[in-house]
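Have a look at the structure below, then the notes.
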Amino acid sequence: MTRFARWTALAVASALLAAGCSGGSSDDGKGGLSWGRCKATADGPAPSSDWQCATLKVPLDWSDPDGETIGLALIRAKARGGDRVGSLLFNFGGPGASGVSMMPSYAPTVSRLRERYDLVSWDPRGVGASEGVRCRGDKAIQAAESVDVTPDTPAEEKAYFQDAADFGKGCQKDAGKLMAHVSTADSARDMDRIREVLGDKKMHYFGISYGTELGGTYAHLFPKKVGRMTLDAVVDPGADTVGHAKNQARGFQRALNGYLESTGQDPAEGSRKIADLLRRIDARPLPTATPGRKLTQTLAATGIILPLYSKDSWPTLTSALDAAERGDGSELLALADGYNERDQSGRYGTTTHAQRVISCLDDRQRPTAATTKKLLPEFEKISPVFGTFLGWDTAGWCHDWPVPGQHDTPEVSAPGAAPVLVVGNTGDPATPYEGARRMADELGKGVGVMLTWRGEGHGAYGSGSDCVDSTVDAYLLDGTVPKDGKVCS
């Protein structure tokens, strides 16, 4: 079962991106790193010679720093200019996104920052080349796509929760001892070790989507080590499991309303039309051009979600919905496959596997089916299109999980930290704008500095606003902190 939507990663709106991490270079045993040429992987060619890769050994269990270790895959490109600030560490979200894969592709967006920073990213523990977790094989993933994630009958409900339990067992079998040591707090401690071996006195950081929660956690644990930190597409640190689902229901419905208005439709009427299409697909999945595959209701909803991450993709959504209304599910299936990282040969990526392992270790709450059923009317009122999916997801995502969660909400207060630039986009579907204000407030007075963009899509930096880009660049490059509450319209 794939989570219908979470905070997800910047990569979700991109093509499948891959760049190999060199397998031969590692830490040198003296606390430093031995960088080497990045290698090609089964998923793609090696990046250009600008990029170097290494593996850093860190404790499996940070409470036993001298015990068993795991390897973290890192990638970097050195600063081009002479007036170097230091390293700028990136996390692209998820949780579960591979920084080693994403960093070379994202580099053109932050090319100006490379004048004064080494661009650095990594695969967090449990992700990609850093002891990446794979919870089930490709055939089992495809088979699970037929599981109804909005069950209407006792049989469908039983299958839904059984699939969730089976997924967790598969994760446990693959991850072993690592399963209990992939939390956001664990990764924040890894970040500080990365900072140390890179030779930086302060952590300069750019976190996107879930990367903002990771950044906030780092600031809380190491407030005196915070340098210039930007958090974009901000996860609400005050929302629990149900709160996050409600936030996303609001965010995606807002984005859908904006899309419908752009096509001249009344949002309420357009939403009813799409909800009716999804109900018809639930009763009778649509044929597609791919032999042996039909468009289920879950795949259809996932296909609608993907283009809402970027306004540039709205015309693609129009074409896919029109085709589905004509009885052809091929275009929505292709969009869902992009979200689910499925390539043409039927191979699936594992971002959602790592996402689930990390988030279920973080989240202590385990809503039951009974709780969810009581909440469904509220979810459906928030979003007639996405509410039911996100409501059921609260109960299914961590159902019967093999390890207990750690907290209801993350702690991000960072008294004494340097100013942290928090960037919120009023039209963000996956991490609604309200979360950015909450993050700025919880970081603390004099720490959280709020920058608002009145835009559309997931994230703000690099999305077409000169105001946002110049403000972030001035902060990261020159240390110029904008006035708290600045608005870019």
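As a basis for the values below, the full set of heavy atoms in this structure was taken, side chains included, without hydrogen atoms, waters or symmetry mates. All figures in this text were calculated on a predicted structure; none of them were measured in a lab.
- For S98 against D123, the heavy-atom pair with the smallest separation is OG-OD1, 2.7 Å.
- Counted by atom type alone, S262 and W314 present zero donor-acceptor pairs between their side chains at under 3.5 Å.
- Using a 4.0 Å cut-off between charged nitrogen and carboxylate oxygen, D478 and R116 count as a salt-bridge pair.
- Rounding to the nearest 0.5 Å gives a distance of 8.0 Å between OG1 of T409 and NE2 of H244.
- Considering only heavy atoms from C-beta on, L477 comes within 4.5 Å of R112 through its side chain.
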- Task: Any chance you could lay out the side-chain contact (heavy atoms from CB on, under 4.5 Å) test for E269 and Q265, step after step, and finish with the verdict?
- Result: CA-CA 7 Å; E269 179 58 35; Q265 299 180 68; over 6 Å; no
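- Taking the six-membered ring where the residue is Trp, Y309 and Y339 present tilted rings, their angle falling between 30° and 60°.
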- Any chance you could lay out the side-chain contact (heavy atoms from CB on, under 4.5 Å) test for E145 and N340, step after step, and finish with the verdict? CA-CA 10 Å; E145 290 178 345; N340 294 330; 3.9 Å; yes
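- Side chains of D322 and S319: a donor-acceptor N/O pair is absent below 3.5 angstrom, by distance only.
- The two residues Y475 and P419 come nearest to each other via the heavy atoms OH-O, 2.7 Å.
- For the pair V385/F252, no side-chain contact is recorded, criterion being any heavy-atom separation below 4.5 Å from C-beta on.
- In this structure a side-chain-to-backbone donor-acceptor pair under 3.5 Å is present from D362 to T184.
- Between L443 and A219, the shortest heavy-atom distance links the atoms CD2-CB, 4.3 Å.
- Residues F379 and V242 approach most closely at CZ-O, 4.1 Å, considering heavy atoms.
- Once rounded to the nearest 0.5 Å, the distance linking OG of S463 with CD of E456 reads 11.0 Å.
- With D484 contributing its side chain and M450 its backbone, the two residues share a donor-acceptor pair below 3.5 Å.
- Across G243 and A239, no two heavy atoms sit closer than the pair C-CB, 3.9 Å.
- Here the CD atom belonging to E196 is positioned 9.5 Å from the CG atom belonging to L56, to the nearest 0.5 angstrom.
- Rounded to the nearest 0.5 Å, atoms OG1 (T263) and CG (L321) are 9.5 Å apart.
- Between D118 and the choices K78, R84, R195, the salt bridge (Lys or Arg N to Asp or Glu O under 4.0 Å) rule is met once, by R84.
- A donor-acceptor pair shorter than 3.5 Å can be found between the side chains of S271 and Q253.
- Between H353 and I141 there is a side-chain heavy-atom pair separated by less than 4.5 Å.
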- Task: Test R280 against E325 for salt bridge (Lys or Arg N to Asp or Glu O under 4.0 Å), laying out the working first.
- Result: CA-CA 10 Å; R280 298 199 310 269; E325 288 286 0; 2.9 Å; yes
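- Using a 4.5 Å cut-off on side-chain heavy atoms (C-beta onward), F386 and Q248 make no contact.
- The line from CG of N425 to OG1 of T452 is 9.5 Å long, rounded to the nearest 0.5 Å.
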- side-chain contact (heavy atoms from CB on, under 4.5 Å) evaluation trace for V412 with M439: CA-CA 8 Å; V412 299; M439 176 67 82; 3.9 Å; yes
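- Across L308 and Y259, no two heavy atoms sit closer than the pair CD2-CB, 4.2 Å.
- Side chains of L317 and I304 form a contact here, defined as non-hydrogen atoms less than 4.5 Å apart.
- Between F222 and Y218, the ring planes lie tilted relative to each other; the angle falls in the 30° to 60° range.
- Inter-residue side-chain proximity for S101 and F92 is flagged as unmet; no heavy-atom pair is nearer than 4.5 Å.
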- Item | side-chain contact (heavy atoms from CB on, under 4.5 Å) evaluation trace for C467 with W453 | CA-CA 9 Å; C467 173; W453 180 45; over 6 Å; no
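- In this structure the side chain of R125 never reaches within 4.5 angstrom of the side chain of E131, judged on heavy atoms.
- Q365 places no side-chain N or O within donor-acceptor distance of the main-chain N or O of D240, the cut-off being under 3.5 Å.
- With T296 contributing its side chain and L299 its backbone, the two residues share a donor-acceptor pair below 3.5 Å.
- Between the side chain of T352 and the backbone N or O of Q355 there is no donor-acceptor pair closer than 3.5 Å.
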- Begin from the C-alpha positions of T471 and D473 and carry the test side chain to side chain donor-acceptor pair (under 3.5 Å) through to its verdict. CA-CA 5 Å; T471 302; D473 287 348; over 6 Å; no
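- Outside the 6.0 Å centre-distance limit, the rings of F167 and H399 are not counted as a close aromatic pair.
- Between the side chains of T431 and Y210, no donor N or O sits under 3.5 Å from an acceptor N or O.
- The backbone N or O of G462 sits less than 3.5 Å from a side-chain atom of D469, completing a donor-acceptor pair.
- Checked by atom type and distance alone, the side chain of S130 pairs as donor or acceptor with a backbone atom of A73 at under 3.5 Å.
- Here the side chain of H204 pairs a donor or acceptor atom with the backbone of R228 at under 3.5 angstrom.
- Contact annotation: the side chain of L361 never approaches that of V357 to less than 4.5 Å [non-hydrogen atoms, C-beta and beyond].
- A donor-acceptor contact shorter than 3.5 Å is absent between the side chain of D50 and the backbone of A77.
- For the atom pair R356 CZ and D363 CG, the distance stands at 12.5 Å (nearest 0.5 Å).
- In summary, of the residues considered (F206, Y461, Y117, W122), a ring-ring contact (aromatic ring centres under 6.0 Å, His included) with F90 occurs for F206 alone.
- We find that R272 and D276 are not joined by a salt bridge, their nearest charged nitrogen and carboxylate oxygen being 4.0 Å or further apart.
- Within 6.0 Å of NZ in K202 there are more than 12 heavy atoms belonging to other residues, nucleotides or ligands.
- When atom types are taken as modelled, the side chain of Y160 and the backbone of W392 share a donor-acceptor pair closer than 3.5 angstrom.
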